[in-house]
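Just so you know, these numbers come straight off a predicted model, no measurement behind them. Each chain gets a letter, A, B and so on, in the order its sequence line appears, and its residues count up from 1.
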Amino acid sequence: MTRPPASASPTAEPRWLRWLLVGSALLFLGLNLALPLAAVFVEGLRKGLAAYVTAISEPDAISALRLTLTVAAIAVPLNIVIGLAASWAIAKFDFRFKSVLVTLIDLPFSVSPVVSGLIYVLLFGLQGWFGAALRDHDIQVIFAVPGLVLATIFITFPFVARELIPLMEEQGREEEEAALSLGASGLSTFWHVTLPNVRWGLLYGVLLCNARAMGEFGAVSVVSGHIRGRTNTLPLHIEILYNEYNFAAAFAVASLLAGLALVTLVLKSLLEWRFAGQLAGKVH
Amino acid sequence: MSVTASAVVKTFGGFTALDGVSLAAREGEFLALLGPSGSGKTTLLRILAGLEFPDSGSISIGGIDMSDRPARDRQVGFVFQQYALFRHMTVADNIGFGLTVRPRATRPPRAEIDRRVAELLELVQLPALGGRYPAQLSGGQRQRVALARALAVEPRLLLLDEPFGALDAKVRKDLRRWLRGVHDRTGLTSIFVTHDQEEALDLADRVVVMVHGWIEQIDTPELVWERPATAFVCDFLGGANRVKAQAVAGQIDVAGVRLPNRAPAMVDGPASAFIRPHEFALAAPGSAGIAVVLRRILRTGAQAALETETGDGGLIEVTIATPPDGLAPGTALVLVPQTVRAYPAG
């Protein structure tokens with residue numbers, strides 16, 4: 001009777017197949033993610049470090065960076081609150097038209113970002129529904145920061161809610177009911193039971209939301225007006241540089257944006273590492 | 001504290017979960033809600049806890065109407081079937097939760113909470129496990145933590161939803177004796193839900209048998225077992241053979257054998273008679289009684305179980321202490337019922 005080698009596990013695939021699968025996955029990731037990311041930095045540095053520094057420190061680039069961070073700093077916290085409220089309501093309570101709400105949350109994902117931008121122009125632009133009223137009160141939404149924030153909120157709304165709804169639904173309502181029967185108020189139940197149970201999902205949703213808020217191009221492009229130094233976010237600034245055949249500067253600024261994304265990921269890993277103990281405690 | 005539910009009705013969509021249920025638990029009583037799934041027992045428990053509101057009817061605890069008060073105002077301890085421990089808190093924090101979330105004015109000082117938690121950990125026999133997380137405990141340990149957490153707020157009433165449902169048989173039996181002990185020490189009015197008749201009869205002071213959102217019988221375990229009020233109760237308690245019979249002049253006629261009815265009296269006419277496996281005697285063919293053919297014989301320790309078949313193909317199970325010699329499959333026998341509980345047929 002022949003016996004398989006002692007090291008082989010009866011439920012594992014043969015070694016060559018595992019290597020083939022892992023290898024093709026790595027090759028794909030390398031070609032599609034790592035290579036372009038490296039290209040961004042290489043192209044940005046093509047004309048030397050001095051040109052790179054100039055590109056990212058000229059006033060228009062600084063202003064674009066500041067605007068991008070401002071928009072994200074307003075849109076992300078608002079979406080945390082709205083996303084938490086929506087997912088809490090959907091996962092823990094029953095009400096009429098719940099499925100309508102769930103569908104609406106997905107709307108920003110299914111609609112092209114250009115259309116989302118146009119919606120705001122139609123609503124708040126000079127010729128739009130509220131255009132006249134806004135002009136009378138001297139409020140500018142389109143081609144100004146409020147428009148950028150609104151469009152970004154719309155585009156990034158699903159990230160937090162989509163991350164939390166399945167998690168909260170899977171956790172059920174029993175822990176909340178237990179807290180209520182122990183005398184906790186609705187608010188302290190949310191604060192002490194619901195929120196801690198979803199904190200990792202929430203963090204992940206926030207990071208994705210933030211990455212998209214900083215990187216959003218389509219909708220923001222429509223409502224921005226591309227006023228240099230005033231309504232250009234980083235992605236818009238990159239496009240302008242690129243259209244002006246200023247490739248090295250375009251890639252230099254792009255590397256800045258990519259850098260922000262990498263910082264977000266590192267932050268997430270750091271938090272996960274720092275709170276590994278608590279993560280282990282919460283396990284299923 | 002005493003508890004009453006009067007004429008409680010609850011529907012979910014088109015489904016009637018409770019159809020006018022009334023119930024009273026006396027101070028210090030241990031009550032079992034027993035019934036098959038879908039009988040409304042868990043819904044009744046949740047309504048008592050304030051986790052659901054009834055469509056109509058009222059709930060009072062300690063003589064005070066609580067019908068429209070939410071769970072947090074009722075001071076009722078609730079133990080969930082799946083424990084519902086707070087997964088991100090340690091065992092000690094779980095137990096202390098009900099005290100820590102109290103408003104500042106009524107919240108005990110931290111040291112007092114710690115003392116109470118230690119005391120409860122002692123009571124549920126887990127003194128060393130305060131620092132663990134729920135995921136690191138066994139099912140039986142989680143169940144005891146859930147109980148300690150419910151007791152921490154000094155509830156006026158303890159409600160347990162299938163408290164042993166998710167445990168294996170051995171742990172189950174130990175834990176239920178232990179729970180009865182805790183109840184007897186604390187004197188807390190307790191109501192638990194179960195679908196296991198043995199558990200209900202073993203543990204409760206009185207058993208409430210429910211089906212289809214309706215209470216069939218409320219009695220002591222002995223009376224529920226000896227005098228089941230309806231055919232459903234008799235059937236649900238399990239094991240009984242159902243045979244056709246006639247009620248004649250206040251007695252029950254089963255295949256020519258006349259016996260007094262152990263069930264509540266019924267009018268003369270066709271009846272369904274329930275006879276438990278141990279309530280038969282064997283007789284030779286030709287005697288009065290149910291003529292059967294022996295199909296199988298199983299010796300289970302001290303007793304023997306006989307599987308027999310009647311003329312019209314019905315199966316009757318019989319247990320006897322000492323089977324006569326020469327009993328083999330195919331033997332014709334007559335079963336003479338010794339005790340019978342009969343209900344109007346239909």
Which atom pair, heavy atoms only, marks the closest approach of [X] to [Y]?
X: A:Ala178; Y: B:Ala84; answer: CB-O, 4.0 Å
X: B:Ala150; Y: A:Leu182; answer: CA-CD2, 4.2 Å
X: B:Phe86; Y: A:Glu175; answer: CE2-O, 3.2 Å

Contact part of B:Leu99 toward chain A, heavy-atom cut-off under 4.5 Å: side chain, backbone, both or neither?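 For B:Leu99, there is no contact with chain A at all, as no heavy atom is under 4.5 Å.
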Got a sec: does the [atom1] of [X] have more than 12 other heavy atoms crowding it under 6.0 Å?
X: A:Phe28; atom1: CZ; result: no
X: A:Arg66; atom1: CZ; result: no
X: A:Tyr204; atom1: OH; result: no

Expected output: side-chain B:His88 to main-chain A:Arg199 donor-acceptor under 3.5 Å: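 Flag not set: sc B:His88 to bb A:Arg199 has no pair under 3.5 Å.
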What residues of residues 36-56 of chain B make heavy-atom contacts with chain A at a cutoff under 4.5 angstrom? B:Arg46, B:Leu51
So which bits of residues 62-78 of chain B come within less than 4.5 Å of chain A, counting non-hydrogen atoms only?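 If one takes a 4.5 Å heavy-atom cut-off, the residues of residues 62-78 of chain B near chain A are B:Ala71, B:Arg72, B:Val76, B:Phe78.
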Checking A:Ser185 against chain B: side chain, backbone, both or neither under 4.5 Å from a heavy atom?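 Both parts, backbone and side chain.
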